[in-house]
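Working notes for the structure below.
Numbers for residues simply follow the sequence, beginning at 1.
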Amino acid sequence: MLVLTGCTSETGPEPPAPKVTTQEFEQRLTEHLSRALAGALEPDAQATPPSHSRSAGCADLPEGGPTWGVRPRAELTVSAGEKAGKYFDDLDTWLIREGFAEHTKRLRTGTPTDVREVIAEHEDGTELLMEMALESGGLTVGLTGPCTWPPDRPGGPPSSGQLPPLPAPSGPTQTRSEDSADPCRSPKLYVYNLTSQPFAGRGPHLMMLVRYSDEREMEYAEILLPDAWEPRYEAGTSKRNLDQVQLLVCVRVAATRDSRKDVTCNYASESALLARGSPFTFDLFESVYHVTVREARSGRMVSEFTVPGRQGAEDSCPFRMNYNRKLARGIDETAFERRLRPLVEARR
C-alpha cells in the first residue's frame, strides 16, 4: 500500500527589491559623468553627450536581484587626439579622488590594437569601465548602475530622493614645487600654491617658472627669469617665499625638425668624464617653446604664446648632461622676456 504524504519544493528567499528607481539612478550616472568632465578635461578635449541604455534582469548580480529589475547605463566618448593618453590618466586620477575605489588597471592586448582599461566601483554602486585603444586619439567612459526599480512596475520607491547627494568635488591639489610640471600639464587637477597671492593690484607680479618637455629623450638649455621677477628668499634661508608667487610660467619645449647639425658641449665634472668623457656631442633640433602663464593659486590661464628657439648652437648646451642625444635649440630670451614683462608690470 502506498501512502501519499505530500509534495514540497524548497525555494530560497526572495531577492532584495531595488530601493532606487531607474530614473533617479540614471540622473546619478549623468551627474558622475558631468562632474568628471568638469573636473579633469580642458577645452581641447571634446566629449559627446552621454547616451543612456537599460538592461533587464538582476539575477546574475553577486548580491542577487529580481528578474524584473533594471540596470541603467550611461556612456560617452572623449576625443583628444595626441592628448588622449593624458586625459585618460587625468580622468583616472579625478575618479580615484572622488570615491571610485577598488581600481583595476590593465592593458588588454588584442587585434587590431591594445586597449588600456580602468575598472572601478563607487560606494553608491556605480561601476566604471574606462577604455582607450592605443593611438586612437579617443577614449570611452562607461558607467553602469546597480539593480533599480523600473518605471513600468507599480509599487516602487519614490521617484527621487532615495540617493544621498554626492559630496562637493575635492578640488585641485597643490604642489608647491618648481620641479613638478603637474600644474602645467593638468591644471584642473593641480595648482602651484593655493595660498599664493592673487594676480591683482599693482606690480611687480612675481613669477615662478616650470619647464618641461613631452619627449623623454629631449634635452634643452636652462630657461631663467630675471631675478627681480622671482619671489624673494626667506630671511636666513636659501628658500624662496612661495606665497609671493602670483604667476606660474609654464614652458613646454617641442622639437620641430632636425637641424642636421651637431653641437659639442664641454662638461668638467668628474662623473661626466668617467661616464662618457668630455666633450659631449648632441644632435641639434630646431625648436619652439609653448608658454602658458597661469595664476599660481587657481590655475586660471592668464596668457598663452609661443617663442622660437634661436640661440646659437653652443648657447643651447644644457647645464647638466643626461646623456640623451637630442638637444633643442635654446629659447629666444629677449622675445621671451618681452612677452612676460607686461604681466609682471601690469596694474590690475
Side-chain angles (χ1 to χ4, degrees), residues 38-45 83 86 90 169 171-214 220-235 237-254 256 287-311 315-316 319 328-348:
L41 298 190
E42 297 161 49
D44 57 355
K83 287 188 175 182
K86 164 195 144 46
D90 285 357
T173 300
Q174 69 175 8
T175 61
R176 289 180 66 91
S177 171
E178 60 183 301
D179 297 323
S180 173
D182 287 340
C184 298
R185 297 179 188 271
S186 303
K188 288 290 191 74
L189 299 177
Y190 304 94
V191 295
Y192 179 69
N193 184 8
L194 291 168
T195 59
S196 288
Q197 297 181 12
F199 179 43
R202 300 180 62 180
H205 303 287
L206 302 183
M207 301 175 161
M208 187 63 77
L209 186 143
V210 172
R211 53 189 179 273
Y212 65 101
S213 172
D214 290 333
Y220 47 90
E222 279 62 36
I223 307 168
L224 301 176
L225 294 172
D227 190 63
W229 294 4
E230 295 187 303
R232 293 180 290 275
Y233 290 98
E234 297 177 355
T237 73
S238 60
K239 297 181 179 180
R240 294 185 183 272
N241 186 344
L242 301 184
D243 290 337
Q244 295 178 350
V245 177
Q246 296 184 19
L247 297 172
L248 183 68
V249 182
C250 302
V251 183
R252 179 174 63 86
V253 188
T256 55
S287 61
V288 63
Y289 292 76
H290 300 267
V291 182
T292 304
V293 182
R294 298 187 178 276
E295 186 179 48
R297 63 184 287 152
S298 68
R300 176 179 61 86
M301 189 173 71
V302 174
S303 180
E304 188 175 35
F305 55 90
T306 59
V307 179
R310 287 184 179 169
Q311 288 185 5
D315 292 332
S316 298
F319 180 70
R329 190 181 290 278
I331 194 171
D332 184 335
E333 294 177 340
T334 301
F336 180 55
E337 293 183 14
R338 185 172 62 247
R339 297 297 300 268
L340 291 178
R341 185 175 297 277
L343 299 176
V344 175
E345 300 174 350
R347 179 167 185 155
R348 301 185 56 83

Backbone N/O of Leu41 and side chain of Lys188: donor-acceptor pair under 3.5 Å: yes

query: Hey, is Arg240 close enough to Asp227 for a salt bridge, meaning N to O under 4.0 Å?
result: yes

task: Output yes when a side-chain donor or acceptor of Glu178 lies under 3.5 Å from a complementary backbone atom of Val210, and no otherwise.
output: no

message: So does Gln311 get a backbone contact from the side chain of Arg329, meaning a donor-acceptor N/O pair under 3.5 Å?
response: yes

N/O donor-acceptor pair under 3.5 Å between Ser196 side chain and Val245 backbone: yes

query: Are the side chain of His205 and the backbone of Ala346 linked by a donor-acceptor contact shorter than 3.5 Å?
result: yes

- prompt: Who are the salt bridge (charged side-chain N to carboxylate O under 4.0 Å, His left out) partners of Arg310, not counting sequence neighbours?
  reply: Asp332

- line: In terms of heavy-atom contacts, Glu42 and Arg185 come closest through OE2-O, 3.6 Å

- request: Check for a donor-acceptor pair, side chain of Gln197 on one end and backbone N or O of Gln246 on the other, with a separation under 3.5 Å.
  value: no

Side chains of residues 302-309: which donor-acceptor pairs under 3.5 Å do they make with residues two or more places apart or in other chains?
none

task: Quick one: closest heavy-atom pair of Gly299 and Val191, and the distance?
output: N-CG1, 3.9 Å

- prompt: Regarding Thr195 and Asp243, is there a side-chain donor-to-acceptor distance under 3.5 Å anywhere?
  reply: yes

For the student: nearest non-hydrogen atoms of Cys184 and Tyr212, plus distance: CB-CE2, 3.6 Å

query: Is a side-chain donor or acceptor of Ser316 paired with a backbone partner of Gly330 at a separation under 3.5 angstrom?
result: yes

message: Under a 3.5 Å threshold, yes or no: a donor from one side chain and an acceptor from the other, between Arg176 and Asn193?
response: yes

query: With distance as the sole test, does Glu234 use its side chain to make a donor-acceptor pair with the main-chain N or O of Lys239 at under 3.5 Å?
result: no

query: Does any N or O in the side chain of Glu337 come within less than 3.5 Å of the main-chain N or O of Pro226, such that one atom is a donor and the other an acceptor?
result: no

